[in-house]
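When reading the values below, keep in mind they use all heavy atoms of this one structure, side chains included, and skip hydrogens, waters and symmetry mates. Below, chain A is the first sequence line, B the second, and so on; all start at residue 1.
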Protein chains: 2
Amino acid sequence: MRIGELAKQSGVSVRALRYYEEQGLLESERTPGGQREFESSAVDRVRFFQTLYAAGLSSRRIAELLPCIDTGGTTKEQQAMLQSEREALAHRMAELREASARLDEVITASKARSL
Amino acid sequence: MRIGELAKQSGVSVRALRYYEEQGLLESERTPGGQREFESSAVDRVRFFQTLYAAGLSSRRIAELLPCIDTGGTTKEQQAMLQSEREALAHRMAELREASARLDEVITASKARSL
DNA sequence: GTAGGACCTGACGCTAACGTCAGGTGCAAG
DNA sequence: CTTGCACCTGACGTTAGCGTCAGGTCCTAC
């Protein structure tokens with residue numbers, strides 16, 4: 001499939017897709033005319049990237065994790081990277097919970113005041 | 001207290017504090033010589049900002065929420081803003097859980113492969 | 001063979017949250 | 001009164017993840 005179709009199916013912009021390729025996250029064949037040709041599996045891949053981006057990972061970090069993801073990450077370094085990223089996620093979730101709790105305090109306080 | 005002391009106690013840079021003030025998040029008196037003088041309560045306030053920043057809120061958003069936080073947010077608009085921000089946090093947490101789950105898949109898959 | 005939509009490669013623009021000079025002032029100590 | 005560190009106000013630099021032209025090519029259809 002070509003880039004426009006991939007964009008439509010994965011829900012990101014064409015520009016974003018070219019950027020992902022530039023960062024080494026996506027690969028593509030080229031037609032004789034020079035246009036990108038993606039495999040259909042790229043759709044899921046891009047959606048996966050979106051999930052990771054939403055979780056706060058950078059392109060750089062995703063690119064580092066890709067070998068682990070694609071090959072199954074058998075080296076110790078890869079295992080360690082996956083682990084540390086998991087811990088980072090846990091940390092971020094804790095921060096969110098903290099912020100959420102603090103906001104709740106404000107909310108309940110304001111409700112009490114408006115009674 | 002002066003800005004350097006506040007920076008030390010709250011754990012952020014002097015530049016960041018001036019930025020917060022610029023964005024309307026912090027207030028300060030001025031000495032005759034023009035130097036900022038903060039109340040000691042500013043320490044907690046700044047830490048609170050850090051919590052919200054960590055949760056993904058922008059300065060702009062925090063500034064919007066401030067009246068709710070300071071005055072107790074009694075208007076309907078303020079209540080609505082607090083609610084919507086709470087929901088946004090819940091959404092972000094769901095995204096994190098999703099990403100975390102996907103990463104776990106990768107991790108368990110790689111462990112299985114390395115056996 | 002030609003219209004025109006999809007695609008191409010630069011390359012500059014944008015926002016947020018500061019970092020980092022530069023050049024000048026305040027202030028507490030000796 | 002002079003160090004000398006803390007502080008001041010601009011103002012430009014930085015990073016990420018794209019948005020958005022500009023100017024030119026590909027490809028499919030008629």
Note: B/Arg102-B/Glu105 ion pair, threshold 4.0 Å (strictly below): yes
Flag side-chain contact, heavy atom, 4.5 Å: B/Val43 against B/Arg47: yes
Within a strict 4.5 Å, meaning less than it, do heavy atoms of the B/Leu17 and B/Phe49 side chains meet? no
Under 4.0 Å: is that the gap between some side-chain N or O of A/Thr31 and OP1 or OP2 of D/dC26? no
A/Glu21 bridged to A/Arg18 by N-O distance under 4.0 Å: no
Under 3.5 Å: donor-acceptor pair, side chain of B/Arg97, backbone of A/Met93: no
Output a table of donor-acceptor pairs, distance under 3.5 Å, between side-chain atoms of residues 80-87 of chain A and any protein atom two or more places apart or on a different chain; print 'none' if there are none.
{"residue": "A/Ser84", "atom": "OG", "partner": "A/Arg61", "partner atom": "NH2", "Å": "3.2"}
{"residue": "A/Ser84", "atom": "OG", "partner": "A/Met81", "partner atom": "O", "Å": "3.1"}
{"residue": "A/Glu85", "atom": "OE1", "partner": "A/Arg61", "partner atom": "NE", "Å": "2.4"}
{"residue": "A/Glu85", "atom": "OE1", "partner": "A/Arg61", "partner atom": "NH2", "Å": "3.2"}
{"residue": "A/Glu85", "atom": "OE2", "partner": "A/Arg92", "partner atom": "NH2", "Å": "3.4"}
{"residue": "A/Arg86", "atom": "NH1", "partner": "B/Ser100", "partner atom": "OG", "Å": "3.4"}
{"residue": "A/Arg86", "atom": "NH1", "partner": "B/Asp104", "partner atom": "OD1", "Å": "2.8"}
{"residue": "A/Arg86", "atom": "NH1", "partner": "B/Asp104", "partner atom": "OD2", "Å": "2.8"}

Grab the CD-P distance between A/Glu29 and C/dC7 for me, whole Å please. 17 Å
Strand contacts (DNA chain D) in residues 84-95 of chain A, 4.0 angstrom heavy-atom criterion: none
Evaluate the criterion side-chain contact (heavy atoms from CB on, under 4.5 Å) for residue pair A/Arg36 and A/Arg30; output intermediate values, then yes/no. CA-CA 5 Å; A/Arg36 292 175 182 80; A/Arg30 294 296 182 122; 3.3 Å; yes
Which atom pairs link the protein and nucleotides 11-17 of chain C when you take only N or O atoms and keep those under 3.5 Å?
{"residue": "C/dA17", "atom": "OP1", "partner": "B/Ser59", "partner atom": "N", "Å": "3.3"}
{"residue": "C/dA17", "atom": "OP2", "partner": "B/Tyr19", "partner atom": "OH", "Å": "3.4"}
{"residue": "C/dA17", "atom": "OP2", "partner": "B/Ser59", "partner atom": "N", "Å": "3.3"}
{"residue": "C/dA17", "atom": "OP2", "partner": "B/Ser59", "partner atom": "OG", "Å": "3.0"}

Taking only the side-chain nitrogens and oxygens of B/Ser13, find out if one of them lies under 4.0 Å from OP1 or OP2 of C/dG19. yes
Does anything in residues 93-114 of chain A form a ring-ring contact (aromatic ring centres under 6.0 Å, His included)? List the pairs, not counting sequence neighbours. none
Whole Å only: how far is the CZ atom of A/Phe49 from the C1' atom of D/dA16? 16 Å
Can you measure A/Glu64 atom CD to D/dA16 atom P for me and round it to whole angstrom units? 12 Å
Between the protein and nucleotides 7-9 of chain D, are there any N/O to N/O pairs under 3.5 Å, and if so, what are the atom names and distances?
{"residue": "D/dC7", "atom": "OP1", "partner": "B/Gly4", "partner atom": "N", "Å": "2.8"}
{"residue": "D/dC8", "atom": "OP1", "partner": "B/Arg36", "partner atom": "N", "Å": "2.9"}
{"residue": "D/dC8", "atom": "OP1", "partner": "B/Arg36", "partner atom": "NH1", "Å": "2.8"}
{"residue": "D/dC8", "atom": "OP2", "partner": "B/Arg18", "partner atom": "NH1", "Å": "2.4"}
{"residue": "D/dC8", "atom": "OP2", "partner": "B/Arg36", "partner atom": "NH1", "Å": "3.3"}
{"residue": "D/dC8", "atom": "O5'", "partner": "B/Arg36", "partner atom": "NH1", "Å": "3.4"}
{"residue": "D/dT9", "atom": "OP1", "partner": "B/Arg30", "partner atom": "NH1", "Å": "3.1"}
{"residue": "D/dT9", "atom": "OP1", "partner": "B/Arg30", "partner atom": "NH2", "Å": "3.1"}
{"residue": "D/dT9", "atom": "OP2", "partner": "B/Arg36", "partner atom": "NH1", "Å": "3.1"}
{"residue": "D/dT9", "atom": "OP2", "partner": "B/Arg36", "partner atom": "NH2", "Å": "2.8"}

Which pairs count as ring-ring contact (aromatic ring centres under 6.0 Å, His included) when at least one residue sits in residues 9-30 of chain A, sequence neighbours excluded? A/Tyr20-A/Tyr53
Do B/Leu57 and B/Leu65 pass the side-chain contact (heavy atoms from CB on, under 4.5 Å) test, and can you show the C-alpha distance, the side-chain angles, and the key distance before you say yes or no? CA-CA 10 Å; B/Leu57 280 82; B/Leu65 293 175; 3.7 Å; yes
How about A/Glu22: does its CD atom have over 12 heavy atoms from other parts shown lying under 6.0 Å from it? yes
